[in-house]
Amino acid sequence: MLLVNTIRDNFDVVLEGLSKRNFQQAEITLHQVIELDNKRKETQTERDNLQAESNNISKEIGMLMREGKKEEAEKIKSRTAEIKAQIKVLEDSFSTIEEELKQKLYTLPNIPHSSVPAGKSAEDNEIVLEHGSIPELPESKMAHWDLIKKYDIIDFDLGVKIAGAGFPVYKGKGARLQRALINFFLDEAMKAGYTEVQPPILVNEESGYGTGQLPDKEGQMYEATADKLFLIPTAEVPITNLYRDVIVNEQDFPIKNVGYTPCFRREAGSWGAHVRGLNRLHQFDKVEIVQVVHPDQSYITLEDMSKYVQGLLQKLELPYRVLRLCGGDMGFTSSLTYDMEVYSAAQERWLEVSSVSNFENFQANRLKLRFKGSDKKTQLAHTLNGSALALPRIVASILENNQTEDGIKMPKVLVPYLGFDKI
RNA sequence: AGAGAGGUGUCCGAGUGGUUGAAGGAGCACGCCUGGAAAGCGUGUAUACCCGUGAGGGUAUCGAGGGUUCGAAUCCCUUCCUCUCUGCCA
C-alpha cells in the first residue's frame with residue numbers, strides 16, 4: 001500500500017508511475033486520496049479536542065467525588081451529554097473517512113522503479129540477458145507430457161481421479177526428481193545464507209492482506225470457507241507475514257528466509273497447449289526465498305537474488321533468459337520484477353520458472369514491518385522475494401532438453417540427490 | 001469437542017471503576033563512581049495518529065471487537081489465543 005505522504009510529496013512521480021502501469025484515472029484518484037486524508041486529519045483534530053475536554057470533565061468529577069462533593073459532581077455531569085453526542089458523530093465520520101481512504105489506497109498498485117519499461121503486456125518486457133545454448137533435439141523429440149507417459153513418472157489421469165485436472169501424481173523416478181529438486185534448492189539456499197522455514201500452507205485473511213493477495217485476488221486462491229483460511233498461492237504469503245507487526249533491529253538486516261511449500265492456484269482462465277502438461281497446475285511445488293532489508297539495500301539485494309536464481313539455472317544446465325517486466329505485466333505489489341525463463345526445447349517455448357521482485361515498502365506498509373534505524377526512528381523496511389525455484393516447468397525443461405534415444409539424462413548436480421543419473 | 005484457568009509494557013509481575021501509559025523488579029541505554037570491571041547510585045527506556053517551525057501538547061492502545069458509565073486494565077457481551085483435565089487423533 002502506498003503511503004499518503006509519498007503521494008503528497010512525490011505527486012508527479014507517483015502519477016507517472018501509475019500511468020506506466022496503465023492505471024486509469026490516476027490523477028483523480030490521487031487527489032481524492034489527499035482530500036480524504038485532509039478530511040481525516042481535520043476530523044481527528046476536532047474529535048481529539050472534544051475527547052480531551054470530556055476527559056478533563058471526568059477527572060474533575062473524580063476529584064469532586066473523592067472530596068465528597070456529590071451535588072457539584074452531578075451538576076457537571078450534565079455538561080457531558082452534549083459533548084458525548086458530538087464525539088459520537090465525529091467518531092463515526094472519522095471511521096467512515098478512514099475506511100474510504102483505505103479502500104482507495106488498496107486500489108493503487110506500487111510505483112514502478114524508474115528502470116521499468118512502459119508497456120501493456122508480456123510482449124513489452126525487456127530481455128536483459130540470455131544464457132546457455134538451446135539444445136538441438138532429433139526429429140523424434142517429445143514434449144514432456146508425452147515423455148512422462150513413456151517413462152511413467154507423472155500421471156495426470158490419476159490426479160484427476162483423486163482431485164481434478166491440474167493435480168498431477170508423481171510416481172517413481174518422477175517423485176524422486178521432485179524430492180531431489182526440493183532438497184537441492186533448499187541446500188543451495190542454505191549455503192547462500194538463507195534460514196529455512198516451514199510455514200503453514202493455509203493462511204488467514206490478515207496474511208492475505210499483508211502481502212497483497214487480498215483484497216481483489218481471492219478468486220485466485222482456494223479457500224477453506226468453514227475456517228476462513230486460504231491455501232497459499234506461494235510461500236511468499238506465510239513467510240513474509242512472519243514479519244507482520246514486527247519492529248526488527250537494524251543489525252538483523254538482511255533477514256533471509258527460504259521455504260519449500262506446495263502452492264495452490266485456481267487460475268481460472270486459459271486452456272490449450274500453453275497450459276498443457278506441467279505448464280500450469282493447480283498444485284505445484286516451489287522453493288521461495290524472501291528477504292527483509294534496509295531500504296538503502298533493496299536494489300542491491302534484488303540483483304543478488306537475481307544472480308542467485310541464475311546460478312541455480314546454470315547448475316541445472318538449463319538455457320535461460322532474464323526479463324525485466326514492463327509496467328503492464330508487473331504484479332500489483334512490485335516495484336521491479338525480473339522473470340527468469342528456461343527454454344523448453346521440445347515445446348520450443350520459454351517457460352517462466354522464477355519471478356524475483358522488490359516491493360520496496362509497499363508490502364511493509366501493509367504488514368507494519370518496520371525497523372529502528374540508527375537515528376532511533378522507526379521506519380518501514382523493504383521486502384523482496386523470488387522463486388528459487390518453481391518445480392514443474394523446471395521438470396518440464398529438464399525432461400525435454402535432456403531426452404535421448406535411451407533415456408533422459410539428469411543434471412549432474414542432482415545425481416547425488418536422485419541416486420540415479422537417467423530416467 | 002467438553003469442563004476449568006488465564007491473556008497487562010522487552011521480559012517477570014502488581015493492579016477489580018476515578019491524575020494508571022499503567023506500581024515493583026529484571027533487562028537494556030546513558031551518566032556518576034573505579035586504574036579497569038563488578039557492585040552501587042542516578043537518569044532514561046512503547047506504538048500510531050493529530051496539533052505545533054520548535055520546545056512541547058493532545059488522542060488512542062493493558063489479546064481483538066462491541067457495550068455499560070461522567071469516567072474502564074478493572075463491570076457486561078462477542079471473538080481469538082494459551083494452559084490444565086477429559087475425549088478424539090497422525
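The sequence lines fix the lettering, A, B, ..., with proteins before strands; numbering per chain opens at 1.
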Tell which nucleotide pairs with B:rC85, taking only Watson-Crick or G-U wobble pairs whose two distances are both under 3.5 angstrom. B:rG2
What does nucleotides 47-54 of chain B look like as a protein-contact string, B for base, S for sugar-phosphate only, - for none, at under 4.0 angstrom between heavy atoms? SSBSS---
A:Asp245 CG - B:rG63 P separation (whole Å): 16 Å
Indicate yes or no: does A:Glu99 engage A:Lys102 in a salt bridge with an N to O separation below 4.0 Å. yes
Interatomic distance at C1', B:rG44 relative to B:rG9, whole Å: 15 Å
Are the aromatic rings of A:His382 and A:Phe253 close, with centres under 6.0 Å apart? no
Once you measure the plane-to-plane angle for A:Tyr209 and A:Tyr106, does it fall in the parallel (<30°), tilted (30-60°) or perpendicular (>60°) bin? tilted
In whole Å, measure the gap between the P atoms of B:rA39 and B:rA26 for me. 11 Å
May I ask which nucleotide in the shown strands pairs with B:rU59, Watson-Crick or G-U wobble, both distances under 3.5 Å? B:rA48
Result for side-chain hydrogen bond (donor to acceptor under 3.5 Å, both in side chains) between A:Asp339 and one of A:Ser387, A:Ser355, A:Ser357 points to A:Ser355
Round to a whole Å and report the spacing from CD of A:Glu60 to P of B:rC70. 16 Å
P atoms of B:rG71 and B:rU59, separation to the nearest Å: 15 Å
In terms of the angle between their ring planes, are A:Tyr299 and A:His113 parallel, tilted or perpendicular, with boundaries placed at 30° and 60°? tilted
Just the rounded figure in Å: distance from C1' of B:rC81 to CG of A:Asn204. 12 Å
Take atom C1' in B:rU45 and the same atom in B:rG63, then report the distance between them in whole Å. 24 Å
5'-most contact on RNA chain B: A:Asn49 or A:Lys59, nearest heavy atom basis? A:Lys59
Below 4.0 Å: OP1/OP2 of B:rU69 and any side-chain N or O of A:Lys77: no
Taking a pair to mean Watson-Crick or G-U wobble geometry with both distances below 3.5 Å, B:rG9 pairs with none
Using residues 410-423 of chain A as the side-chain source, report each donor-acceptor pair under 3.5 Å to any protein atom, sequence neighbours left out, with the distance given to one decimal.
residue  : atom : partner  : partner atom : Å
A:Tyr417 : OH   : A:Asp187 : OD2          : 2.7
A:Lys422 : NZ   : A:Asp406 : OD2          : 3.2

Stepwise, does the side chain to side chain donor-acceptor pair (under 3.5 Å) test hold for A:Gln314 with A:Tyr320? CA-CA 8 Å; A:Gln314 287 164 19; A:Tyr320 68 86; 2.8 Å; yes
Whole-Å distance separating the CG atom of A:Leu64 from the P atom of B:rG71: 16 Å
Under 3.5 Å on both distances, the Watson-Crick or G-U partner of B:rA14: none
State plainly whether the residues A:Lys315 and A:Glu188 are in salt-bridge range, i.e. N to O under 4.0 Å. yes
A:Leu90 atom CG is separated from B:rG58 atom C1', nearest whole Å, by 15 Å
With rounding to whole Å, what would you report as the distance between B:rG6 and B:rU74 at their P atoms? 14 Å
What is the distance from atom CZ of A:Arg8 to atom CG of A:Asn38, rounded to the nearest 0.5 Å? 4.5 Å
How long is the line joining CD1 of A:Ile61 and P of B:rA72, in whole Å? 11 Å
Do the two ring centres, one from A:Phe371 and one from A:His294, sit under 6.0 Å apart? yes
If pairing means Watson-Crick or G-U wobble with both distances under 3.5 Å, then the partner of B:rU74 is none
For B:rC41, which nucleotide is its Watson-Crick or G-U wobble mate, given both distances must be under 3.5 Å? B:rG31
Given atom CD of A:Glu206 and atom C1' of B:rG63, what is their separation to the nearest angstrom? 12 Å
If the P atom of B:rA3 is compared with that of B:rU79, how far apart are they to the nearest Å? 13 Å
When you compare B:rA5 with B:rC77, how far apart are their P atoms, in angstrom units rounded to a whole number? 13 Å
How about A:Lys171: does its NZ atom have over 12 heavy atoms from other parts shown lying under 6.0 Å from it? yes
Whole-Å distance, A:Leu229 CG to B:rC80 C1', equals 13 Å
What's the gap between B:rC83 and B:rC76 when it is taken at their P atoms, as a whole Å value? 25 Å
Of residues 50-58 of chain A, the positions that come close to RNA chain B - non-hydrogen atoms, cut-off under 4.0 Å: A:Gln51, A:Ala52, A:Asn55, A:Ser58
